[in-house]
Amino acid sequence: MSDLLANLNTEQLQAVTLPPQHALILAGAGSGKTRVLTTRIAWLVQSGQADPAGILAVTFTNKAAKEMLARLSTMLPVSPRGMWIGTFHGLANRLLRAHHRDAGLPQLFQILDSADQLAAIKRLLKTLNVDDEKFPPRELQHFINGQKEAGNRPHAVEAWDDYTRQRVQLYQEYEAQCQRESVVDFAELLLRSYELLERNEPLRCHYQRRFRHILVDEFQDTNRLQYRWLKLFADEGREGGGALFCVGDDDQSIYRFRGAEVGNMRDFEREFRVANVIRLEQNYRSHSNILDAANAIIRHNSNRLGKNLWTDQGAGEPIRIFEAYSDGDEARWIVDEIQQLVRDGALRSEIALLYRSNAQSRVLEHQLFSAGIAYRVYGGLRFFERQEIKHALAYLRLIANADDDTAFARVVNFPTRGIGARSLEVLQDAARTYNTSLYATVPHLTGKPGTSLAQFVRLVEDLRRDTAGLPLPELVDHVLDASGLRAHYKAEKEGRERLENLDELINAAANFLAEAQAQRAPDEALPTHALLADFLAHASLEAGEHQADQGADAVQLMTVHSAKGLEFNAVFLSGLEEGLFPHENSTLESDGLEEERRLMYVAVTRARERLYLSFAQSRMLHGQTRYNLRSRFLEEVPAGLTKWLTPPKPRSAAGGEFGAMRGGAGGGYLKPLFAAQTPRAPRPSFAQLPNGLRIGQAVSHAKFGQGVIVAAEGSGNDAKVQINFGPAGVKWLLLSVAKLEAA
DNA sequence: GACCAAAGATATTTC
DNA sequence: ATCTTTGGTC
């Protein structure tokens with residue numbers, strides 16, 4: 001036990017050993033948040049204050065849940081198995097499986113991921129003959145999820161206008177469709193399990209008595225429904241219930257777009273009259289230059305709960321800043337720098353390349369690939385989201401639950417078996433008439449479309465029969481063959497990688513089976529199709545955190561969002577340009593800029609020793625070259641903490657003089673702007689610009705302020721230039737009229 | 001109904 | 001740039 005508490009600082013120790021009352025731990029980046037959480041659990045169990053079965057711990061990512069489990073098993077002599085540790089969605093799923101009858105669901109209900117949900121909505125609109133231009137599926141999806149996260153069933157939505165009333169109508173239809181098909185989307189997992197406990201008092205009391213300690217990680221990212229969900233288990237003064245131990249950092253709240261409410265922290269403090277608020281302010285991760293920069297940046301935000309991070313690790317190295325001509329130059333420079341770091345003995349896996357949006361990874365990947373540096377990209381298209389995997393899963397889903405229309409529609413004609421759009425339309429109409437799933441409707445059909453459909457139904461039934469006794473991996477293997485998927489991809493020219501992925505799916509099934517067996521008594525039988533349902537839930541909830549080459553020493557690429565909670569010796573943060581980071585869309589939302597700044601704060605605090613910030617004068621985005629000012633966040637880093645690797649210029653001067661090579665050696669990757677244009681698509685006939693004006697040139701205008709020339713046309717008196725004035729907008733100006741000054 | 005080509009829409013972050 | 005939808009042809 002003394003081992004457990006050794007090396008904790010005063011505040012950490014205080015937090016870990018708090019009496020079983022509600023507590024809010026405001027934990028800054030790198031302050032040992034996860035450590036406090038896990039140590040608390042271990043301490044509660046070890047000191048006999050809590051039974052493992054009395055612990056409910058909630059995280060946001062599967063990664064975090066796994067790490068917590070791993071740490072606990074090294075801290076505790078007993079296995080942490082009796083505890084409920086997982087993500088909100090994972091735990092909700094567990095509740096619904098255990099009480100599926102009370103929740104009004106069949107045991108083998110399926111989970112729709114966002115893409116499945118979108119497909120289901122599109123299908124719904126089609127069946128109802130609703131104009132999808134008037135009701136864009138994505139927008140409708142957002143609306144439905146938003147309502148669910150607010151805890152609203154259709155009847156509870158306040159609709160003041162026709163448009164909303166119609167959307168509510170569609171929401172209702174969507175629900176009916178899901179119920180008919182026995183499928184549940186992400187938000188539904190939470191809402192359904194919330195309603196289950198809220199309405200079923202005996203059940204609620206059971207869990208309230210059981211979970212004496214509810215521990216929540218990343219509390220600042222909870223949405224309204226998740227907070228209410230937690231409250232169900234907690235003692236709010238009247239009835240019995242567990243103690244809520246919430247750990248969070250309001251400065252790292254970066255998921256507002258998905259409904260996160262930082263306000264939950266204040267509400268929690270107030271509603272539960274939390275007496276124990278502890279601040280963890282000592283940072284053990286970063287050198288003080290990095291930390292000071294982060295503090296300076298976040299200080300520009302208002303409405304913070306307030307805290308001041310410090311470290312005793314010394315200043316460390318200055319933050320390196322690099323200005324590139326183009327995104328390609330930026331990537332080349334990053335790769336050069338990485339090679340230098342590796343030569344100096346750095347581990348590749350301790351180097352992270354962070355960016356604001358996934359699309360930015362392409363250029364970086366390209367350069368890493370050419371340089372032969374091992375790298376690994378997180379996020380983007382994940383394993384279980386790949387087309388071929390989704391197809392395979394759809395067959396598996398039909399085995400587990402034939403009423404899953406999303407799965408049915410996905411593979412009924414894939415590989416093609418002569419069932420086209422027309423036949424499906426007939427089938428959907430009939431399904432609507434009989435109020436049955438597509439699958440169950442097939443026998444009702446007569447005539448020509450009936451026969452090929454009936455064959456498909458027979459195929460699924462054969463699959464179900466033939467796989468009944470098989471172990472999970474063999475079941476998957478059989479389905480890949482019998483469905484014709486393997487043959488289809490074998491025949492396809494580009495199909496090799498897809499075939500490999502399908503084989504990988506068998507591996508994933510084998511791993512899943514092994515894990516499931518490890519958690520059960522050796523002689524306990526595992527009913528194949530129940531296990532299959534578990535596997536499918538796993539696929540939907542985890543989407544595959546690329547376990548393949550996890551151990552490999554590879555450079556880590558990811559968005560800033562997915563970097564939260566991680567740390568690296570060296571961090572490259574690229575694309576620090578206005579419009580990209582902060583993202584242009586963020587300026588439209590209230591508090592959007594502050595959220596971007598929190599994101600910046602998260603990015604900076606990932607670095608332990610070395611931090612690189614870079615930006616490019618021009619960047620290919622959405623097929624167009626754009627010229628942006630460097631990010632305002634760069635200006636918020638105190639000059640004393642930084643070292644410019646390229647000559648620093650005033651912010652307005654995003655571009656240098658035409659063709660200027662930057663001074664100093666090693667500038668080989670710095671090409672003049674025009675060379676950065678791809679030879680394949682040369683800009684036709686650039687206008688002759690006087691006075692050395694050029695695309696990318698920074699200029700200033702008496703009325704519009706600072707800007708950058710982004711395009712030009714015409715010549716002589718008609719010569720016009722297009723200038724991006726940032727906040728003042730993008731304007732075409734006649735050179736003969738406008739008074740422009742090179743800035 | 002299958003298949004291919006061309007036009008058209010759409011591009012932030014994720015459980 | 002990329003994915004999706006649409007249109008035309010066999």
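Residue numbers begin at 1 in each chain, while the letters A, B, ... track the order of the sequences. No experiment lies behind these values; they were computed from the predicted model shown.
- The CG atom of Asp221(A) sits 13 Å away from the P atom of dT14(B) (whole-angstrom rounding).
- Residue contacts shown for Tyr255(A) are limited to sugar-phosphate atoms, with no base heavy atom under 4.0 Å away.
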- Message: I'd like to know whether Glu385(A) forms a salt bridge (Lys or Arg N to Asp or Glu O under 4.0 Å) with Lys390(A), so could you lay out the CA-CA distance, the side-chain angles of the two residues, the decisive distance to 0.1 Å, and finally the verdict.
- Response: CA-CA 6 Å; Glu385(A) 290 168 0; Lys390(A) 287 229 123 188; over 6 Å; no
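- Within the 4.5 Å cutoff, the side chain of Phe581(A) has no heavy atoms near those of the Arg632(A) side chain.
- Side-chain N/O atoms of Ser423(A) include one lying less than 4.0 angstrom from OP1 or OP2 on dG1(B).
- Among Phe268(A), Phe60(A), Phe88(A), the single residue meeting the ring-ring contact (aromatic ring centres under 6.0 Å, His included) criterion with Phe219(A) is Phe268(A).
- Nucleotide dT12(B) holds its P atom 11 Å from the CZ atom of Phe257(A), rounded to whole Å.
- As rounded to whole Å, 10 Å separates atom C1' of dT14(B) from atom CG of Asn358(A).
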Just the table, please: protein N/O against nucleotides 2-11 of chain B N/O, every pair under 3.5 Å.
from    : atom 1 : to        : atom 2 : distance (Å)
dA2(B)  : OP1    : Gly418(A) : N      : 2.8
dA2(B)  : OP1    : Ile419(A) : N      : 3.2
dA11(B) : N3     : His622(A) : ND1    : 3.3

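- Checked by distance alone, Arg258(A) brings no side-chain donor or acceptor within 3.5 Å of a matching partner on the base of dT13(B).
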- Yes or no on side-chain contact (heavy atoms from CB on, under 4.5 Å) for Arg606(A) and Leu611(A), after CA distance, side-chain angles and deciding distance? CA-CA 9 Å; Arg606(A) 297 310 95 196; Leu611(A) 176 63; over 6 Å; no
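- Just one residue in the list Arg97(A), Glu188(A), Arg192(A) forms a side-chain contact (heavy atoms from CB on, under 4.5 Å) with Phe109(A), and that residue is Arg97(A).
- For the pair Asp116(A) CG and dC15(B) P, the computed distance is 15 Å after rounding to whole Å.
- Here dT14(B) presents its P atom at 12 Å from CD of Glu595(A), a figure rounded to the nearest Å.
- Distance CG (Leu557(A)) to C1' (dT13(B)): 16 Å, rounded to an integer number of Å.
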Using atom names, set out every protein N or O paired with an N or O of nucleotides 2-7 of chain C below 3.5 Å, distance rounded to 0.1 Å.
from   : atom 1 : to        : atom 2 : distance (Å)
dT2(C) : OP1    : Arg362(A) : NH2    : 3.4

- Task: Before giving the answer on side-chain hydrogen bond (donor to acceptor under 3.5 Å, both in side chains), spell out for Tyr378(A) and Arg376(A) the whole-Å C-alpha distance, their side-chain angles and the decisive distance to 0.1 Å.
- Result: CA-CA 7 Å; Tyr378(A) 289 77; Arg376(A) 191 173 153 208; 2.9 Å; yes
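- The existence of a salt bridge linking Arg597(A) and Asp591(A) is excluded, since no basic side-chain nitrogen approaches an acidic carboxylate oxygen closer than 4.0 Å.
- In this structure, Glu218(A) atom CD and dT14(B) atom P are separated by 14 Å, rounded to whole Å.
- Atom-to-atom, CG of Leu189(A) to P of dC15(B) comes out at 14 Å; the value is rounded to the nearest Å.
- For Met620(A), the side-chain atoms get nearest to dA1(C) when compared with the rest of dC15(B), dA1(C), dT13(B).
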